[in-house]
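Ligands are counted one by one from 1 in listed order, and the atoms in each one are counted from 1 as well. FYI, side chains are in, hydrogens and waters are out, and symmetry mates aren't considered; it's all heavy atoms of this structure.
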Amino acid sequence: MNSALIVFATLSLISANEPKLNDVISALDKATSFFESTYDRLSVDGVAGFRLLQAQIGDTMRKWSLLGSEVATQLKKLDNLVRRLNFTSLKAIKAMKIKDPMYFNAFQQVLHVDFWTLKPGWTQTDSSLVYPKVRILECFGEEMSDRCMIQLLGTWEDNGVSCQKTETCSRLMMALNCPDYSLSHQLLYMIIIEHKGCSNIFGAQHMDSKSFHIIEDYKKVFCSNMMQRNLEIENNDFPYFQQDLFLENVMLCGHVGFSDFYKARWLEYILVWQQSAGCFGKHDESGYSPREEQYVFTKHKRVKRREKHLKGGCSDHMTSVAVGALGGYLRFYGTS
Ligand SMILES: *[C@@H]1O[C@H](CO)[C@@H](O)[C@H](O)[C@H]1NC(C)=O
């Protein structure tokens with residue numbers, strides 16, 4: 001390629017990503033303002049996404065690869081966001097310790113920036129790994145999922161011993177054909193295994209290359225199916241009660257490096273879902289009556305125990321997964 005062509009190619013890359021990047025940054029700025037005004041009312045799940053966001057912005061700034069006239073302004077805004085997120089997360093953690101000490105003790109590790117350390121490199125899902133058949137009912141509920149994760153984190157009752165292996169958790173967390181939230185939680189289980197170095201779960205003594213490959217294989221199977229689920233949700237025109245799952249899938253699979261979750265057309269939808277308060281949740285004009293919503297939730301056995309509905313139709317869980325997803329777009333556009 002001659003140099004004129006390279007310059008042209010680089011310029012077109014900048015012009016393609018720059019407006020989107022600015023949209024993402026301004027959405028994250030609004031979401032951070034929401035976080036600052038509600039931090040003492042959020043659940044652990046509600047704060048975790050903002051901690052992931054902080055890790056994503058930090059990583060984006062360290063590996064920033066774009067050129068262009070607006071880079072200095074963009075980086076300045078990102079630096080400002082990291083400081084605000086860090087400051088408010090610490091206040092949120094303090095408030096949570098008092099308000100919900102048991103759940104806080106169990107899951108405080110996911111509120112550390114370190115928990116969300118990002119690995120370099122991108123990969124893609126593989127449609128040949130999509131399950132031929134998916135179960136209709138979830139493979140396990142939130143209670144069981146919490147229990148299995150707490151055993152890895154080492155915060156289960158007698159405190160301290162991490163990476164505890166049980167027959168039930170191994171069977172459930174590595175089961176195939178699971179739908180929806182059990183599927184995304186199976187991926188989260190793998191993320192925790194990797195973070196804690198729980199190679200014993202696979203019968204290995206150390207986090208050797210065999211354990212590493214087993215984890216990567218599971219991630220690929222789970223994310224390929226989460227991609228399939230997201231494509232189905234898109235085909236159904238993103239019904240409100242599935243937006244939370246959709247965003248959770250983008251957040252988690254994007255976090256472990258599957259860049260095909262960062263589709264430009266999905267970003268357009270996600271940005272539209274943000275409310276004027278900066279949060280995500282049910283738009284008032286969406287046409288759901290409370291009765292319909294109740295039906296939707298019971299039909300899908302989907303009442304998140306720690307989920308909080310805040311005023312203005314804001315959902316803390318949905319806001320959390322939305323900022324985790326948007327932070328991933330930022331990292332993807334800013335570093336690749
Ligand atoms: C976050 O706040 C803590 C405590 O004030 C501080 O030690 C740390 O350096 C801050 N991190 C960032 C990225 O600002």
Partners passing side chain to side chain contact (heavy atoms under 4.5 Å, CB included) against Lys210 (at least two apart in sequence or in another chain): Asp208, Ile214

Ligand 1: protein residues within heavy-atom distance under 4.0 Å: Val82, Asn86, Leu90

Tyr218 side chain reached by Gln186 side chain, heavy atoms, under 4.5 Å: no

Leu75 to Met61 - nearest heavy-atom pair and separation: O-CE, 3.9 Å

Under the salt bridge (Lys or Arg N to Asp or Glu O under 4.0 Å) test, residues paired with Lys196 that sit two or more places apart: none

Residues forming a salt bridge (Lys or Arg N to Asp or Glu O under 4.0 Å) with Asp29, sequence neighbours excluded: Arg84

Residues Glu70 and Asn22: side-chain donor-acceptor under 3.5 angstrom: yes

